[in-house]
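Okay, so here's the structure we're looking at.
Keep in mind that this is a model prediction, so the values were computed, not measured.
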Amino acid sequence: MKATSQGPNGNQAFVRLISLLALLPSVLTGQPAHADDLQPTPIVRDETSPPPAPPNIFNAPSKFPKGGGPSYGPGPTLYSIGQPTDEEQLYLEMVNRSRANPTAEGVRLANTTDPDLLFAYAYFGVNLSLMQAEFATNIAVPPLAMNAALLTSARLHSGDMYTNKFQGHVGSDGSTLGDRLTAVGYAYRSGGENVYSSAKSVLHGHAGFNVDWGTNGPSVGGMQDPAGHRENIHSPNFREVGMGVVDGTNGGYGPQFITQDFGSQLAATPLITGVAFYDFNGNNFYDLGEGIGGVTVSVSNASYYAVTADSGGYAVPVPGNGAYTVAFTVPGLSTQRVVTVSSSNNVKVDFVPQYLPPIISGPNPAGLNVSNGYTFTLVGGATAYDYRFSPLSAYTLVEGAENGLSNVIATTSAGYNVITNGIAASGTYSFHLAHSAPVPQTLTLKASIRPSGSSQLSFAKRLGWASTTQIARAQISTNNGISWVNLWGQAGTNGSGEPSFTTTNISLAAYAGIFSQFQFVYDVSGSYYSQTSAGVGLYLDNIAISSADQALGFTTNAVSSGNTFALTPTATNSLVMNVRARINTRTLDWGPSLSVPVTTPPPSLHLLSPTLAGSQVQVDFTVVNYRSGMTFQLWKTTDPSGAWSQDGSAVLSTISAGARYRETTTTVGTNRWFYRIKGIY
């Protein structure tokens with residue numbers, strides 16, 4: 001591989017030739033091109049250069065005094081790995097998964113369906129069978145622990161590559177890996193580095209290093225020879241790492257810059273390391289947004305303890321070999337594990353408690369114009385909570401672009417109109433998504449929609465001229481657009497595609513009761529048709545979701561304390577509410593929603609203490625939720641456990657209309673009377 005921004009020369013020449021030929025008819029003649037000349041021509045994307053060959057320093061003399069590394073004090077001391085981001089922690093989890101079982105990781109990467117990985121495999125001509133065979137030659141090695149100094153070094157170098165628009169192991173100031181490790185105070189015995197300035201995601205960056213794709217230098221089967229990045233990932237010489245991620249695009253580099261700085265310290269000791277996370281998606285692996293921060297990790301017979309970073313990771317140095325009890329503690333959650341350290345190797349211990357979302361209970365129906373108190377169950381590890389509420393209505397919209405963009409959000413490239421006429425499944429207009437630039441084009445419904453068990457997403461679609469790497473997708477998000485799940489997908493055919501609209505229906509039963517967002521994406525991962533004229537790209541019409549309701553506008557508030565909140569509805573719409581937990585800087589997904597009708601509560605009467613004025617008794621009472629036309633009766637008895645009779649002689653007077661009244665009567669025949677008021681409406 002070469003650390004350049006150019007792809008293989010043959011492919012570059014092909015890109016330039018195709019681009020030129022697409023313009024030839026009009027350039028050469030100066031006249032309008034013939035119809036045959038206007039046939040869309042695909043542009044072949046040039047894959048950004050693969051990661052450059054990594055440097056390594058083994059058993060190198062350090063500028064730090066011999067014996068550098070963790071020192072043990074007389075009592076428990078906090079050991080911090082810093083605050084890795086979710087993406088940085090995910091890189092570490094993927095690396096450690098690969099180190100634990102290289103053969104399985106090779107199979108996993110070979111069988112991927114990720115379009116960016118598939119495009120890279122095809123572009124570099126990766127021999128997947130050979131790749132898996134090479135992975136199988138690696139032996140399992142102990143896990144790596146995140147190190148705060150290495151994290152700083154890696155972030156600084158990724159930031160340097162981003163700011164100065166390059167990919168390489170020599171910094172813009174001429175610094176080498178050894179210089180950078182020394183600068184952050186890392187007493188290295190050995191070190192290594194992987195860098196990539198054009199990763200498209202954590203998975204793409206991890207695969208780029210681990211597969212070690214590239215053909216710009218010595219290579220075999222589309223992979224670097226030797227596979228230096230993969231060797232760093234699987235090297236037993238390293239026990240710590242820093243993952244530095246910078247997201248962004250600058251000068252043709254990006255969208256993600258990643259530096260992996262590997263190391264082993266002088267006088268190094270074993271580390272117990274791992275990650276605390278809620279496995280929201282049930283895949284038995286850490287993912288973005290799942291970390292649990294603030295968990296105290298105590299280790300028996302160790303001089304250090306840890307508190308998990310907001311992204312969930314931790315590490316605790318231990319003196320040496322032996323059995324250790326690892327305790328995880330956070331409000332609402334706790335557990336212990338016994339682990340054995342041998343051969344002075346690191347050990348990975350994850351904390352994956354069961355996630356129990358906040359469940360709301362309270363008045364159902366809710367009373368109009370009165371305070372309704374609700375409670376919710378607590379989430380382990382939560383440091384705060386939010387609640388939200390909204391009026392509900394049925395979702396009946398059929399979106400076909402007849403209303404322009406009033407009900408959707410279009411995120412598209414310049415150069416074409418997302419609303420088109422003349423091509424429609426019904427009516428006059430439809431939505432049109434095309435690739436004037438090789439970036440995703442999206443159309444998102446604005447409404448927050450809650451499907452039912454019988455709901456279906458339906459839409460009319462027509463995928464015209466499109467390459468096989470231009471893919472139309474329908475997606476759903478249950479976490480306010482943080483992540484999206486594919487509901488439907490269709491790739492182009494490298495031809496004219498569909499001549500007319502067809503309707504697609506997708507069951508939403510799996511998302512019943514969950515407020516969701518919906519979007520359509522026209523994505524590209526390789527060659528693409530850049531034209532935006534009629535018949536090119538994706539057309540959408542008649543987008544509908546059946547048997548669903550929508551939130552008319554959520555109001556979100558922080559829960560002041562505890563696990564209660566109050567709502568005072570001012571209209572009789574049905575009301576929906578839910579609660580989410582916060583763990584330090586992380587906001588979890590909203591919990592299950594509770595829907596309640598809002599009704600005017602029945603009137604309630606509150607009897608005040610009677611007063612005696614001569615032979616008259618005045619019985620005052622207040623009315624809450626007064627109903628127009630209400631009448632009142634005074635009833636009395638000398639024995640509350642006996643019979644009651646209506647006092648027909650009582651006189652009603654109004655003190656405050658609709659709020660306070662008085663019944664006046666006389667005392668007759670006994671020294672003791674009991675009274676009650678009856679309201680009739």
Side-chain angles (χ1 to χ4, degrees), residues 278 280 289 331-332 354-397 444-455 476-483 508-518 545-584 586-602 604 624-625:
Y278 281 125
F280 292 130
Q354 180 184 8
Y355 175 67
L356 299 175
I359 306 296
I360 302 174
S361 59
N364 191 357
L368 179 69
N369 294 321
V370 298
S371 179
N372 299 266
Y374 292 90
T375 62
F376 56 88
T377 57
L378 297 176
V379 174
T383 55
Y385 296 90
D386 299 315
Y387 70 92
R388 68 176 183 177
F389 61 94
S390 171
L392 272 179
S393 71
Y395 183 79
T396 58
L397 183 67
T444 306
L445 301 185
K446 291 181 179 179
S448 180
I449 301 170
R450 186 175 63 172
S452 67
S454 59
S455 292
I476 185 172
S477 174
T478 58
N479 55 7
N480 299 307
I482 296 175
S483 61
L508 300 176
Y511 303 94
I514 303 174
F515 278 98
S516 306
Q517 283 72 49
F518 294 85
I545 299 172
S546 62
S547 304
D549 50 31
Q550 65 176 321
L552 297 181
F554 277 108
T555 299
T556 301
N557 296 312
V559 176
S560 57
S561 63
N563 64 329
T564 63
F565 63 92
L567 296 179
T568 304
T570 58
T572 55
N573 303 72
S574 291
L575 197 67
V576 64
M577 66 196 83
N578 48 9
V579 173
R580 68 183 178 190
R582 284 185 273 136
I583 302 178
N584 298 332
R586 184 181 305 284
T587 300
L588 304 189
D589 290 349
W590 291 103
S593 58
L594 173 66
S595 298
V596 297
V598 178
T599 61
T600 302
S604 61
V624 177
N625 299 317

Got a second to check how far S454's OG is from L508's CG, nearest 0.5 Å?
10.0 Å

Ring geometry between F280 and Y355 (parallel below 30°, tilted from 30 to 60°, perpendicular above 60°):
perpendicular

Locate the shortest heavy-atom distance separating R582 from A558; write the atom from each residue and the value.
NH2-CB, 3.9 Å

Check salt bridge (Lys or Arg N to Asp or Glu O under 4.0 Å) between D549 and all other residues, then give those that pass, not counting sequence neighbours.
R450

List in chain and number order the residues that pass side chain to side chain donor-acceptor pair (under 3.5 Å) with N372, two or more places apart in sequence or in another chain; answer none if no residue qualifies.
none

So, taking the atom named CD1 in I545 and the one named OG1 in T396, what distance separates them when rounded to the nearest 0.5 Å?
11.5 Å

I'd like to check the side chain to side chain donor-acceptor pair (under 3.5 Å) partners of T478; sequence neighbours left out, ordered by chain and number.
none

Side-chain donor/acceptor pairs under 3.5 Å, residues 356-371, sequence neighbours excluded:
residue : atom : partner : partner atom : Å
S361    : OG   : T375    : OG1          : 3.1

Residues two or more places apart in sequence or in another chain: which of them pass salt bridge (Lys or Arg N to Asp or Glu O under 4.0 Å) with R388?
none

side-chain contact (heavy atoms from CB on, under 4.5 Å), that's the test. Do T564 and Y374 meet it? Break it down for me.
CA-CA 6 Å; T564 63; Y374 292 90; over 6 Å; no

If I take atom OG from residue S393 and atom CD from residue Q550, how far apart are they, to the nearest 0.5 angstrom?
4.0 Å

Test I583 against L588 for side-chain contact (heavy atoms from CB on, under 4.5 Å), laying out the working first.
CA-CA 8 Å; I583 302 178; L588 304 189; 4.0 Å; yes

Report yes or no: do N557 and Y387 form a side-chain donor-acceptor pair below 3.5 Å?
yes

Go through the structure and list residues passing side chain to side chain donor-acceptor pair (under 3.5 Å) with T555, not counting sequence neighbours.
none

With ring centroids as reference points, do F389 and F554 lie under 6.0 angstrom apart?
no

